[in-house]
There are 2 protein chains.
Amino acid sequence: MRSVHHPTLDDLRLPDVLHALSDPVRLDIVGHLASAGGEECACGALCTSVSKSTLSHHLKVLREAGITRTRANGTHRLVSLREDELEQRFPGLLGSVLGAVRT
Amino acid sequence: MRSVHHPTLDDLRLPDVLHALSDPVRLDIVGHLASAGGEECACGALCTSVSKSTLSHHLKVLREAGITRTRANGTHRLVSLREDELEQRFPGLLGSVLGAVRT
DNA sequence: CTCATCGTTCGATGCAACTCGAACGTTAGC
DNA sequence: GCTAACGTTCGAGTTGCATCGAACGATGAG
């Protein structure tokens, strides 16, 4: 597959991150990823409420905002949270969002 | 003046708060309010890069998301952050955003 | 090689958001 | 009252975003 682009930490911008997190579907995806802890979550398992093209779009938004990392594994993709990196770039942000999402 | 509506803490929703914070102009406004500490900031002093109608729109978005409080004082309005209430509803969220905005 | 699976991309659609200027209250002061 | 200052609301224009189905590539299995 063609390798997908992941922004570096310095390229992350706060408005983009907040915008990526402001959509209920994406917030749900991030919540699932967080509760999975490590690296996993094939795309199809992340959200069943939207079509696969819509899901692909949301994963792209999250990836380009720097929130998730996607790597290929055979015919499917594994998506994971860039939790440690985000903590370094925007300390406490993801943690507080994840805390708030469980309400 | 007709009193404006402010949502109660229970009515605040995370996606709305994140969306309100995802716009650079509004993020700038929130940053100014935070650096002011207490209650002040007449609307006109918050942002000079947009027209007054646009500024009014952004302040409405912030207010309806539960991020700011607006009260009338004669011919102008005083806007303040609902910092303590937000901390209670979404612990750590506003603090981490304010920390990230100073970058 | 062929085929099924998984995900991306494309094109289109509908809706929401940002922006502005103009017009409209509201209020304070004269 | 009249006027000036401040902010909101309205109408309009432009843009961006979420969503879907269909078509396309890439990969592993048989």
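Naming: A, B, ... by sequence-line order, numbering from 1 per chain.
- Shown here are the side-chain contact (heavy atoms from CB on, under 4.5 Å) partners of A:Val30, two or more places apart in sequence or in another chain: A:Leu21, A:Leu62, A:Ile67, A:Leu81, A:Leu94, A:Leu98.
- Residue contacts for B:His57: at a heavy-atom cut-off of 4.0 Å it reaches a base atom on one of the strands shown.
- Taking atom CG of B:Leu78 as the reference point, atom P of D:dG7 lies 9 Å away to the nearest angstrom.
- Nucleotide D:dC17 holds its C1' atom 17 Å from the CG atom of B:Leu18, rounded to whole Å.
- Per the geometry, NE2 belonging to A:His58 stands 16 Å off C1' belonging to C:dT9, to the nearest Å.
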Protein N or O to nucleotides 11-16 of chain D N or O, pairs below 3.5 Å:
none

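- Using modelled atom types, no side-chain atom of A:His5 and backbone atom of A:Glu64 make a donor-acceptor pair closer than 3.5 Å.
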Polar pairs (N or O, both sides) under 3.5 Å between protein and nucleotides 11-15 of chain C?
none

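- Applying the salt bridge (Lys or Arg N to Asp or Glu O under 4.0 Å) test to pairs two or more places apart or on separate chains, those with a residue in residues 84-100 of chain A are A:Arg69-A:Glu85, A:Arg82-A:Glu85.
- Mapping B:Ser53 and A:Ser49 onto DNA chain D by nearest heavy atom places B:Ser53 at the nucleotide closer to the 5' end.
- In the hydrophobic clustering of this structure, B:Ile29 does not group with B:Val61; members are Ile, Leu, Val, Met, Phe, Trp, Tyr whose side-chain heavy atoms approach within less than 4.5 Å, directly or through other members.
- To the nearest angstrom, P of D:dT9 lies 14 Å from NE2 of B:His5.
- Atoms CG (A:Leu59) and P (C:dC6) sit 15 Å apart, rounded to a whole Å.
- Residue-level contact check: A:Val61 touches neither bases nor backbone, having no heavy atom under 4.0 Å from any strand.
- A:His19 is linked by a side-chain hydrogen bond (donor to acceptor under 3.5 Å, both in side chains) to nothing, counting only residues two or more places apart in sequence or in another chain.
- Of the side-chain N and O atoms in A:Ser51, one or more sit less than 4.0 angstrom from OP1 or OP2 of D:dC20.
- The side-chain hydrogen bond (donor to acceptor under 3.5 Å, both in side chains) search around B:Ser53 returns B:Ser51, not counting sequence neighbours.
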Taking only N/O atoms, report every protein-nucleotides 3-6 of chain D pair under 3.5 Å with atom names and distance.
{"residue": "D:dC6", "atom": "O4'", "partner": "B:Thr75", "partner atom": "OG1", "Å": "3.2"}

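- Under 4.0 angstrom from either OP1 or OP2 of D:dT8 there lies at least one side-chain N or O belonging to B:Ser56.
- For the pair A:Leu62 CG and C:dG7 P, the computed distance is 15 Å after rounding to whole Å.
- Comparing atom distances between the A:Thr54 side chain and each of C:dT19, D:dC20, D:dA18 picks out D:dC20 as nearest.
- When hydrophobic clusters are built by joining Ile, Leu, Val, Met, Phe, Trp and Tyr residues whose side-chain heavy atoms come closer than 4.5 Å, directly or via intermediates, A:Leu93 is grouped together with B:Leu86.
- Following rounding to the nearest Å, B:Lys60 (NZ) and C:dA17 (C1') show an atom-to-atom distance of 13 Å.
- Remark: C1' of C:dT26 and CZ of B:Arg71 are 17 Å apart, rounded to the nearest angstrom.
- Applying the salt bridge (Lys or Arg N to Asp or Glu O under 4.0 Å) rule to pairs touching residues 17-29 of chain B yields nothing, sequence neighbours excluded.
- Taking hydrophobic clusters as Ile, Leu, Val, Met, Phe, Trp and Tyr residues chained together by side-chain heavy-atom distances below 4.5 Å, B:Leu14 shares a cluster with A:Leu14.
- Here A:Lys52 pairs with nothing under the side-chain contact (heavy atoms from CB on, under 4.5 Å) rule; sequence neighbours left out.
- Residue pairs meeting the salt bridge (Lys or Arg N to Asp or Glu O under 4.0 Å) criterion with at least one partner in residues 6-22 of chain A, sequence neighbours excluded, are A:Arg13-A:Asp16.
- Placement of B:Val25 and B:Val101 within a single hydrophobic cluster is found when ILVMFWY residues are connected by side-chain heavy-atom separations under 4.5 Å, directly or transitively.
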